[in-house]
Amino acid sequence: MSLPRQLRDESDFDQLPDNIPISAMIADIEERRGFMVFYRFVIEVKTKGGSKYLIYRRYREFFALHQALELKFAGDSQIRQYTCTLPTLPGKVYVGNKQEIAENRIPELNNYMKKLLSLPTWVLMVEEIQMFFYQTDSDSLQVPRALRRLRPPTRRIKTVKPKPDLLSSPRAEVVFDFSGSGQLELSLRTGEVIFLLRRVNADWLEGTIRNQTGIFPASFVKIIKPLPDSDSEGEEDASRTKEGPPAGSYSCLRCYLHRPTGVETRDLCVEEALSARPSYRELFTRMRELFKLEDIALNYRDRDGDMVRILDDEDVELMVQEGRRRGWEVKRPINQYPWELHVSLASDFSVYNTEP
């Protein structure tokens with residue numbers, strides 16, 4: 001009986017390409033305000049050739065990687081010439097403070113990546129591992145906020161921020177009260193002055209007021225001094241990629257609320273890539289917050305224009321696929337999802353072609 005081939009063969013290791021990852025360590029965690037608030041891990045990756053770069057991954061991406069590797073190396077699908085024992089991935093946690101859960105996972109995930117990248121050289125060449133540690137265009141555009149675990153402890157230096165030139169800053173006056181929904185949106189009061197940072201899309205702006213930064217509908221303010229032309233709607237941004245908007249930007253989902261009295265349209269803006277696929281539970285929770293209603297149903301329109309009710313994650317997947325197939329038919333802003341969400345009252349069946 002041959003011994004399990006768990007130790008790296010140095011001669012094989014020398015033949016690996018220079019871009020193969022050989023070590024990875026979590027440098028920080030960052031809060032993101034997506035369809036639900038989540039934390040992602042900022043990971044410094046080192047390659048065989050000596051280069052370093054940062055990637056940004058959620059726990060769900062670790063979980064998906066581990067599941068893919070288990071399918072590849074377990075049971076009948078195992079590569080028969082070799083044996084490979086995968087490291088243990090910390091399990092899912094369903095209850096608790098999200099930040100504390102993420103912090104507690106750091107040493108466990110560091111250990112997982114260390115053991116994973118210490119497996120035989122042929123494991124490092126597996127596509128799933130290479131793609132997980134690959135720095136995508138979206139990763140390269142991100143701006144890390146702290147990287148506190150890579151920096152040595154230093155004394156905190158008090159800095160004095162220069163006061164902004166209030167007369168030259170782009171700004172607007174609030175003409176209607178607005179109650180923000182969720183942590184991304186600002187709440188505004190009539191008569192306040194808000195300083196503009198940029199245009200999110202045709203309907204939303206980002207600005208600062210009362211030491212808070214967030215987004216708000218452009219129709220609720222009167223522009224006093226406009227943003228520079230380079231920030232105006234329709235200007236192509238070379239830093240945007242197919243993966244989603246650049247760092248600090250938002251992706252927007254067009255949402256419709258159908259009532260017997262009419263249809264209300266809103267854009268839900270989130271810090272997610274355009275490739276993100278939310279769960280049914282995430283969408284349902286956010287729609288309750290967005291429209292301030294409890295007894296609702298989620299829907300999408302199929303290729304015939306008929307309304308289809310969403311009941312689970314599989315239905316969400318069908319909605320996303322349908323939206324992507326039909327995305328070319330409708331011209332949308334570059335940061336808008338190609339699929340749309342239709343919300344109705346749970347007891348209102350008039351939005352469908354047939355009544356129950």
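Excluded from the calculations below are hydrogen atoms, water molecules and symmetry mates; all remaining heavy atoms, backbone and side chain alike, are included. Along the sequence shown, the residues carry numbers beginning at 1.
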>> Whether the Thr136 and Asp139 side chains hold a donor-acceptor pair (N or O, under 3.5 Å, no angle test) is what I'd like checked.
In response: yes
> Would you call Asp312 and Arg281 a salt bridge, using N to O less than 4.0 angstrom?
Replying inline: no
> So, Glu103 and Lys98, do they make that salt bridge, N to O below 4.0 Å?
Replying inline: no
>> When you compare the side chains of Asp267 and Asn201, does any donor N or O come within less than 3.5 Å of an acceptor on the partner?
In response: yes
> Between Arg105 and Glu108, is the closest basic N to carboxylate O distance under 4.0 Å?
Replying inline: no
> Can you name the residues that form a side-chain contact (heavy atoms from CB on, under 4.5 Å) with Val351, not counting sequence neighbours?
Replying inline: His258, Met307, Ser344, Asp348
> Can the ring centroids of Phe178 and Phe220 be said to lie less than 6.0 angstrom from one another?
Replying inline: yes
> Taking atom NZ of Lys292 as the centre, does the number of heavy atoms from other residues, nucleotides or ligands within less than 6.0 Å exceed 12?
Replying inline: yes
> Using 4.0 Å as the upper bound for N to carboxylate O, is an ion pair formed by Glu271 and Arg33?
Replying inline: no
> Just checking, any donor-acceptor pair under 3.5 angstrom between side chains of Thr190 and Asp177?
Replying inline: yes
>> For Arg288, is there an ion pair with Asp295 - N to carboxylate O distance below 4.0 angstrom?
In response: no
>> Using the ring-ring contact (aromatic ring centres under 6.0 Å, His included) definition, which of the options Phe63, Tyr112, Phe62 pairs with Phe132?
In response: Phe62
> Do the charged groups of Arg301 and Glu340 touch, with an N to O distance under 4.0 Å?
Replying inline: no
> Should we count CZ of Arg303 as having more than 12 external heavy atoms under 6.0 Å?
Replying inline: no
>> I'd like to know if Arg210 pairs up with Glu192 as an ion pair, taking the criterion as any Lys NZ or Arg NE/NH1/NH2 lying under 4.0 Å from an Asp or Glu carboxylate oxygen.
In response: yes
>> I'd like to check the side-chain contact (heavy atoms from CB on, under 4.5 Å) partners of Ala102; sequence neighbours left out, ordered by chain and number.
In response: Ile29, Tyr39, Phe41
> Is it true that the side chains of Gln321 and Arg277 contain a donor and an acceptor less than 3.5 Å apart?
Replying inline: no
> Does one side chain, of Arg32 or Tyr56, offer a donor that lies under 3.5 Å from an acceptor on the other?
Replying inline: no
>> The criterion is ring-ring contact (aromatic ring centres under 6.0 Å, His included); which residues satisfy it with Tyr256, sequence neighbours excluded?
In response: His342
